[in-house]
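Here the structure is a predicted model, which is why all the values come from computation and not from measurement.
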Amino acid sequence: MPSLLVVGAGLAGLRAVEGARQAGWSGPITIVGDEPHPPYDRPPLSKAALASDEQPGVPMLRSSEVIQELQVRHLSGVRVDGLDTAHRTVTTSAGDLGYDALVIATGSTATTLPGLTGLPGVHVLRRYDDALAVRDSLARSRRVVIVGAGFIGSEIASAARARGIEVTVVEASSRPLERAVGPLAAGRLMQLHADAGVRLLTRTTVSGVRTSDRGVDEVELSTGETLAADAVVLGIGARPATAWLADSGVALDARSGGVLCDRRLATSAPGVWAAGDVACVDGERNEHWTAAGEQGRVAGANAAGATEVFASVPFAWSTWHGHRIQVVGETTAADEEDHGDGFILYRREGRPVGAVGIDSPGPVARLRRALAAQPRSDVRAHLAGAGGVVPARE
């Protein structure tokens, strides 16, 4: 009986298993993950997990009963080392695993800075164990330096300020998320940090960290300033976990390192699909939760013989200092319009293509539905012809 192998036990991997079963896959399914935990949800790691007074449990994606109903074999704590597409074999720390269909969902790994990896008191936040380490560090700190003012860095800054910690955020660009949302929305996000008492240093990078036996002492900046600190958290992005695919025959994007695939999530290798952070769909990577879940479902269904197309509208959300931030559609290379009440609309050639909402869930939801309802062959074509729908205001 044909076997399905899913490499990566996160959201995309689990949804690939569900998508395959829903599409009629009746054969054995194995899901492989390098962590000791069952498949879990990552967004709470930089939100609720850091705010909890008690050690948070693993935020499981599905109950053990649901996992059992899926009839999937979960190999935890197993590292993947290579892929032989000619013989349809994945090399792992637990031995070789054969497959008839394969879904690559290995996600991404946190980006670090040269010379800082492994230093005591310097953290990244990508996994459950990372979240526990950051949480424990915040509990012992009076002053924290966070590198990067994107979603992860800003959520950690929010959690730290809620604990009364003195927070400095070091950001290389002129505003938080400016390349992703443009100057107007980025300015609004910058103000959220200022209102919460966060010191935000823009156009600045870290040149070094001084440590002692107790951990971090000081952070040296490109401006020549030195900051006293008890901990440093790096929130400067992530890179696709594709090193194990070297010489596999699976084509990778030269710029991002992601797995190249089409809208059906098929890769250059027969019988191999990709989903989630690792997937580069038509030249674009989407590292957000909603995309990972939908890509996983589509990849799993297509591995089972379906012909579905991934075409969801981009969507992401975050919480900074008690404010809910939502980003929908396309927010780059477009004209920004401030509609007040924290709602910023993006247009191309006069047509709405996306929005950023700060505490504006109603308008964002209506625009998201309007964009999703339009017929399209792919997301980019749809957004280019969004039809001039203007969301009603609350």
Where do [X] and [Y] come nearest, in terms of heavy atoms and distance?
X	Y	answer
Asp359	His323	OD2-ND1, 2.6 Å
Ser207	Ser222	OG-N, 4.1 Å
Ala160	Leu138	CB-CD2, 4.1 Å
Pro39	His74	CD-CE1, 4.0 Å
Trp25	Ala101	CH2-CB, 4.1 Å
Ala23	Ala304	CB-CB, 3.8 Å

**salt bridge (charged side-chain N to carboxylate O under 4.0 Å, His left out) between Glu69 and Arg21, intermediate numbers included** = CA-CA 10 Å; Glu69 289 173 4; Arg21 289 298 189 208; over 6 Å; no
Which distance, rounded to the nearest 0.5 Å, do you find between the [atom1] of [X] and the [atom2] of [Y]?
X	Y	atom1	atom2	result
Tyr99	Thr30	OH	OG1	13.5 Å
Asn286	Asp277	CG	CG	8.5 Å
His123	Leu132	NE2	CG	11.5 Å
Arg263	Asn302	CZ	CG	13.0 Å
Asp217	Asp230	CG	CG	8.5 Å
Leu50	Arg135	CG	CZ	8.5 Å

Counting C-beta onward and ignoring hydrogens, is there a side-chain heavy-atom pair between [X] and [Y] closer than 4.5 Å?
X	Y	result
Pro363	His339	no
Pro176	Leu200	yes
Leu61	Pro38	no
Leu227	Leu221	yes
Val170	Val145	yes
Thr112	Leu234	yes
Leu97	Thr89	no
Asp335	Leu345	no

[X] and [Y]: side-chain donor and acceptor closer than 3.5 Å?
X	Y	value
Arg239	Ser108	no
Glu171	Thr204	no
Arg42	Tyr40	yes
Thr290	Glu294	no
Ser174	Thr202	no
Ser76	His37	no
Asp81	Thr91	no
Trp244	Thr242	no
Gln191	His193	no

**Prompt:** Where do Thr168 and Leu201 land on the side-chain contact (heavy atoms from CB on, under 4.5 Å) test, with the steps shown first?
**Reply:** CA-CA 7 Å; Thr168 301; Leu201 303 179; 3.8 Å; yes
Between [X] and [Y], is there a shared hydrophobic cluster once you connect ILVMFWY residues whose side-chain heavy atoms come closer than 4.5 Å?
X	Y	value
Val134	Tyr128	yes
Ile344	Leu177	yes
Ile152	Val147	no
Leu11	Leu14	yes
Val103	Ile67	yes

**Request:** Check whether NZ of the Lys or CZ of the Arg Lys47 lies under 6.0 Å from the centre of the six-membered ring of Trp317 and within 45 degrees of that ring's axis.
**Result:** yes
**Message:** Both conditions, 6.0 Å and 45 degrees, for the charged tip of Arg264 above the ring of Phe310: are they met here?
**Reply:** no
Return yes if some donor-acceptor pair links the side-chain N/O of [X] with the main-chain N/O of [Y] below 3.5 Å, else return no.
X	Y	value
Ser248	Leu83	no
Ser137	Ala133	no
Glu218	Ala228	no
Arg368	Ala372	no
Asp84	Arg88	no
Glu336	Leu184	yes
Ser360	Asp341	yes
Arg348	Ala333	yes
Ser154	Gly150	yes

**Message:** Please evaluate residues Ile325 and Leu189 with respect to the criterion side-chain contact (heavy atoms from CB on, under 4.5 Å), reporting the C-alpha separation (whole Å), side-chain torsions for both, the decisive distance (0.1 Å), and the verdict.
**Reply:** CA-CA 9 Å; Ile325 298 153; Leu189 298 176; 3.7 Å; yes
**Message:** With side-chain contact (heavy atoms from CB on, under 4.5 Å) as the criterion, how do Trp273 and Ile104 come out once you've worked through the C-alpha distance, each side chain's angles and the decisive distance to 0.1 Å?
**Reply:** CA-CA 6 Å; Trp273 290 260; Ile104 298 170; over 6 Å; no
**Asked** In this structure, are over 12 heavy atoms from other groups packed under 6.0 Å from Arg214 atom CZ?
**Response** yes
**Request:** Evaluate the ring planes of Phe151 and His288, with Trp represented by its six-membered ring, and classify them as parallel (under 30°), tilted (30 to 60°) or perpendicular (over 60°).
**Result:** perpendicular
**Request:** Let me see the working for Glu155 and Arg324 under salt bridge (charged side-chain N to carboxylate O under 4.0 Å, His left out), right down to the final yes or no.
**Result:** CA-CA 11 Å; Glu155 288 170 2; Arg324 187 173 181 85; over 6 Å; no
**Request:** Step by step, work out the salt bridge (charged side-chain N to carboxylate O under 4.0 Å, His left out) result for Arg210 and Glu220.
**Result:** CA-CA 8 Å; Arg210 297 176 187 172; Glu220 300 170 340; 2.4 Å; yes
Cationic N near anionic O, under 4.0 Å, [X] to [Y]:
X	Y	value
Glu166	Arg142	no
Glu178	Arg188	no
Arg347	Glu349	no

**Request:** Carefully, step by step, assess Asp34 and Val78 under the rule side-chain contact (heavy atoms from CB on, under 4.5 Å).
**Result:** CA-CA 4 Å; Asp34 62 356; Val78 174; over 6 Å; no
